[in-house]
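Notes for the one structure printed next.
All chains are named by letter (A, B, ...) in the order of the sequence lines, taking the proteins before the strands, and each is independently numbered beginning at 1.
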Amino acid sequence: MQAEARQYFSRELLAWYQRGNRDLPWRKNKDPYRIWVSEIMLQQTRVDTVIPYFERFMANFPTVQALAEAPEDEVLKCWEGLGYYSRARNLQAGAKMVMELYGGIIPDDKESVAVLKGVGPYTTGAIMSIAFNRPEPAVDGNVMRVLSRYFCLEDDIAKPSTRVGIEKLAASLIPEGAAGDFNQALMELGALVCTPKSPSCLPCPVMEHCEARMAGRETELPIKTKAKPPRQEYRLAVIVEGTAEHAGKVLVRQRPNTGLLAQMWELPHLLLDGKHSGMFAESAPKEQGELAEAAIRMLETDAGLLIRPTGWFADADHIFSHIHWRMRVYAADLGVMDGVLAAESGAPYWTGEPAATLEDMPAEERSRYRWIGRDEMDRLPFPNLFLKLLNDYWSRKS
DNA sequence: AAAACGGGGAC
DNA sequence: GTCCCAGTTTT
């Protein structure tokens, strides 16, 4: 590649961006906190999805201090539906670090920014360049795609080592004194022009020296190995309806502090073993009294929760990036299964009076469970899967 | 180096 | 259905 083509790229791309770019809420000013929040939200998430979340988050937590001092549930609630919830917890942990280490001021220093929770190589470069105009590369998926095409790079962008190489290249392209605009220009081009499927080369400001375009290979690049398909997991959930003092409420629980959907709230549920997964997969929802009974016994073993299913409620599929949940949901009440399984229609249905309370659970399990009404749902963070089921439940009730 | 970690939009 | 998105952390 000629030095001239490199200078052309930097010059023309920067000029293109400065002629006009998207009016995004985090471009209103250079407040490092706003840039930081926006960059965390934008990780693996589209601009259009982020915008309303960003506005709401900044309204609720306008400063580093406000975020650092907020209850964790409120921060997660503000992130509800956005996904990758560890981003929200890490962001708040980062805000606390900034309060304690730097007196609430995000420092104009790469190493200090890079150690913040949830801030990796990309976000470090984005904050340093956009907020402080420091000449650091900010290499995301857009940048890897744009540069792979312009320089006809054939390295697999799914490999970690490839990103490191492209960072060096991107750093060498930053025009003097224009790091922030140039890095954003690179991403903006990837988002609007040099798109994954069918890039719009004709309006592209750097088409003239794009090697992939000149070779007619713009749709073949970048090279990226395919992701593994998600594994299937069959799960059984219950909507436990309260009685007496808990009438009109349902039982929810908070997930563990680590792992998938950490610290989010959910309906009680369990992973089915191989045998019961097969039963799930092979028969119709309403013909599975045996499955329901077996699973409810497992729930008792699993969580010490004594319940009686009263009927089928819904089947729900939910696909994460690495797991595909297939979930069957039964309505239930608290009690012991000493009743009789109704033969009518084959639906799981136990008769008799409820005969258990949460007090029957082990204390350490019990502490994560809570009875909530529809109004209280608005204060606890639920992942989308359970949000939909609960909304569905309460709309049917009314 | 590979897997875990959400959810949705575009085709 | 597939791809992948302004990636980071853990294993």
Just the table, please: protein N/O against nucleotides 7-11 of chain B N/O, every pair under 3.5 Å.
{"from": "B:dG7", "atom 1": "OP1", "to": "A:Y85", "atom 2": "OH", "distance (Å)": "2.8"}
{"from": "B:dG7", "atom 1": "OP1", "to": "A:N384", "atom 2": "N", "distance (Å)": "3.2"}
{"from": "B:dG7", "atom 1": "OP2", "to": "A:H318", "atom 2": "NE2", "distance (Å)": "2.7"}
{"from": "B:dG7", "atom 1": "O3'", "to": "A:N384", "atom 2": "ND2", "distance (Å)": "2.9"}
{"from": "B:dG8", "atom 1": "OP1", "to": "A:N384", "atom 2": "ND2", "distance (Å)": "2.3"}
{"from": "B:dG8", "atom 1": "OP2", "to": "A:N384", "atom 2": "ND2", "distance (Å)": "3.4"}
{"from": "B:dG8", "atom 1": "N2", "to": "A:R46", "atom 2": "NH1", "distance (Å)": "2.8"}

**Q.** Residue mapping more 5' on DNA chain C - nearest nucleotide basis, A:T225 or A:N90
**A.**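 First, find each residue's nearest nucleotide; the 5'-ward one identifies A:T225.
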In whole angstrom, what separates [X]'s [atom1] from [N]'s [atom2]?
| X | N | atom1 | atom2 | value |
| --- | --- | --- | --- | --- |
| A:K224 | C:dT2 | NZ | P | 15 Å |
| A:I51 | C:dC5 | CD1 | C1' | 14 Å |
| A:Q43 | B:dG6 | CD | P | 13 Å |
| A:E39 | C:dA6 | CD | P | 11 Å |
| A:K228 | B:dC5 | NZ | C1' | 14 Å |
| A:F386 | B:dG6 | CZ | C1' | 13 Å |
| A:K226 | B:dA2 | NZ | P | 17 Å |
| A:H324 | B:dC5 | NE2 | C1' | 17 Å |

With sugar-phosphate meaning primed atoms plus P, OP1 and OP2, does [X] contact a base, only sugar-phosphate, or nothing at under 4.0 Å between heavy atoms?
| X | value |
| --- | --- |
| A:K117 | sugar-phosphate |
| A:G259 | sugar-phosphate |
| A:V119 | sugar-phosphate |
| A:R255 | nothing |
| A:L24 | base |

Q) Which of the following nucleotides, C:dC4, B:dG6, C:dA6, is nearest to the side chain of A:P196? A)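 Output: C:dC4.
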Q) Which one, B:dG6, C:dT9, C:dA6, comes nearest to the side chain of A:L260? A) B:dG6
Q | Flag for A:T124-A:E136: side-chain donor and acceptor within less than 3.5 Å | A |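 A:E136 vs A:T124: no donor-acceptor pair found between side chains.
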Q) Is it the case that A:R87 and A:N90 place a side-chain donor and acceptor less than 3.5 Å from each other? A)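 Judged by distance alone, the side chains do not pair up.
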So that I can tick it off, tell me whether [Y] and [X] are bridged by a salt bridge, with the cut-off set at under 4.0 angstrom between side-chain N and carboxylate O.
| X | Y | value |
| --- | --- | --- |
| A:K77 | A:E80 | yes |
| A:D392 | A:R396 | yes |
| A:R149 | A:E218 | no |
| A:R370 | A:E376 | no |

**Q.** C:dC4 OP1/OP2 closer than 4.0 Å to side-chain N/O of A:R145
**A.** no
Q | B:dA4 phosphate, OP1 or OP2, under 4.0 Å from A:H322 side-chain N/O | A | no
If you measure from the [atom1] atom in [N] to the same atom in [M], how many Å do you get, rounded?
| N | M | atom1 | result |
| --- | --- | --- | --- |
| B:dG8 | C:dT8 | P | 22 Å |
| B:dC5 | C:dC4 | P | 22 Å |
| B:dG6 | C:dC3 | C1' | 16 Å |

Q.
Taking donor-acceptor contacts at under 3.5 Å, does the side chain of A:R87 reach the base of B:dA4?
A. no
(Q) Check for me whether the distance between the ring centres of A:W79 and A:F57 falls short of 6.0 Å. (A)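 Between A:F57 and A:W79, which both carry aromatic rings, the centre distance is below 6.0 Å.
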Q) Distance-only, no hydrogens or angles: does the A:Q254 side chain make a donor-acceptor pair with backbone N or O of A:Q263 under 3.5 Å? A) yes
